[in-house]
2 protein chains.
Amino acid sequence: MDILSKVEPRDLKLNANEWVYNSLCQLILSGEFVPGISFTFRGIANSFGVSTMPVREAANRLISEGALDMSEKRRITVSQMTQSKFDELKVARLNLEPHLAGLALNHINSKRLNLLINIDKNLDYAISTGNVVDYIKYNYQFHFGIYEAGLSPVLLPLVRTLWLRFSPFYRIVAGRAGTQTMKDFHKSAIDAIKDKDSVALINAIHSDILEGMEMLNESLNE
Amino acid sequence: MDILSKVEPRDLKLNANEWVYNSLCQLILSGEFVPGISFTFRGIANSFGVSTMPVREAANRLISEGALDMSEKRRITVSQMTQSKFDELKVARLNLEPHLAGLALNHINSKRLNLLINIDKNLDYAISTGNVVDYIKYNYQFHFGIYEAGLSPVLLPLVRTLWLRFSPFYRIVAGRAGTQTMKDFHKSAIDAIKDKDSVALINAIHSDILEGMEMLNESLNE
DNA sequence: CTATCATATTTGTGATCACAAATTAATAAT
DNA sequence: ATTATTAATTTGTGATCACAAATATGATAG
């Protein structure tokens, strides 16, 4: 698998293991990895042109975060989704992300607001053209564009691990309804940010998660 | 520091890195580690009688979970608590743990119930004798004795990382009010389990977290 | 005794090697 | 052609080594 072409080049200020970790995260969060595909340490190491050491550190971290599995011994796979996992991810998201957005609201300046508006435009375009990978990418960017404003040292990394777990599963949707039926509550979120209306933002994020997870749930049950 | 004496002997069925990881978790969750103390990979490796390899994997995992820090370069420390971290931990706990308890309720059989009653007895004794380390240990055992019944694949590991982050901070309480002022809602939780009353259990856990975190918060502000 | 600088030691990182266990390929037998 | 058995390869794990960067130590000068 050609990985290097889909990954940011290495910033030499970063350690090799951080580069590999960030790259794998990016590949997972942008929907490049589909549940079930498997790797080996040596395989990833060759793809990145590093030794197995930094790969072990990066992959083990992702395994401990639940994004990857070391199942069926001696193989690293992208975790499969189960109904039980999905239900818990949904609960966790609904209980954490709206609150996280509320914490971030006061730290969203006009520059960041414009960024969000721009991301949402790209998102709409991805939906209209049926580009699922772009949809996944921009949806992530929109949510974390809000969340990251708050610099929450605990909740932000926590929520990121939730996204690492369900993002690969998004790809399953591609083979089904496509992007036509996708609705989002990003417009209400943007309005709420403009109004500095915390309650409205929390509601918008809550509804957005509910809608998005419902769509995923339908793909799970078939 | 003499670590091996406070740690379970190695089960040879487990990998070295898992043994080290589990041991470090146990030391953190039982309050043996106090915020700020620092280690090196080689130091831990010598304590455990293994090479640095498994220590790197275990410690890096704990770092990514937020329990340890690799701050002030070249030294591994037990993370310091800040008000901001604390507030987020409190929110996360309140939003996840009561629900987790609710999910577990139906899986608590009479054997586990008796276990919980027994743990709570030990907890009461620890409080009456002012033994903070035992208090921390049994409080953990009580909560996770409930949570683990549900086998929740996402929420359970998530909540465990929250406990890894605030447990060392419990020790600060030792130098302050002691255990005399400690209240807990474990009796109400046990009653709720006996009655199979989900709402009552959720309320009991919620109150217990609120009470416990409030006590910790007082120690933070002085 | 204090401050400054050079030296020695210790640190995390990454590469490499050895090894047993697991997987895959190849061979033999029916 | 299919299955059973054996050989070859590949895998993750853990130990060891090299190295640059950071820390600790000691000598020297004021």
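Below, chain A is the first sequence line, B the second, and so on; all start at residue 1. No experiment lies behind these values; they were computed from the predicted model shown.
Phosphate proximity of C:dG14 to A:N17: present, with a side-chain N or O under 4.0 Å from OP1 or OP2. Distances shorter than 4.0 Å separate some side-chain N or O of B:T40 from OP1 or OP2 on C:dT11.
Taking the centre of each ring, B:F39 and B:F33 come in below the 6.0 Å mark.
As rounded to whole Å, 10 Å separates atom C1' of C:dT13 from atom CG of B:N60. The distance between atom CG of A:D69 and atom P of D:dG12, rounded to the nearest whole Å, is 14 Å. Atom P of nucleotide D:dT13 and atom CH2 of B:W19 are separated by 17 Å, given to the nearest angstrom. Here the P atom of nucleotide D:dT13 and the CD atom of A:E57 are 13 Å apart, to the nearest Å. Atom-to-atom, CZ of A:R75 to P of D:dT11 comes out at 7 Å; the value is rounded to the nearest Å. Following rounding to the nearest Å, A:M53 (CE) and D:dG12 (P) show an atom-to-atom distance of 13 Å. Look at NZ on A:K13: it is 16 Å from P on D:dA21, rounded to the nearest Å. Atoms CZ (A:F41) and C1' (D:dT10) sit 14 Å apart, rounded to a whole Å.
Sequence order on DNA chain C of the closest nucleotides to A:A16 and A:R74 puts A:A16 first from the 5' end.
A donor N or O paired with an acceptor N or O is not found under 3.5 Å between the base of D:dG14 and the side-chain atoms of B:R56. For C:dG12, its base sits under 3.5 Å from the side chain of B:R42 at one donor and acceptor pair at least.
Ring pair A:W163/A:F166 is tilted by interplanar angle, where 30° to 60° counts as tilted.
To the nearest 0.5 Å, atoms CG (A:L62) and CG (A:D69) are separated by 11.0 Å. Going from atom NZ of A:K137 over to atom CG of A:N131 covers 8.0 Å, rounded to the nearest 0.5 Å.
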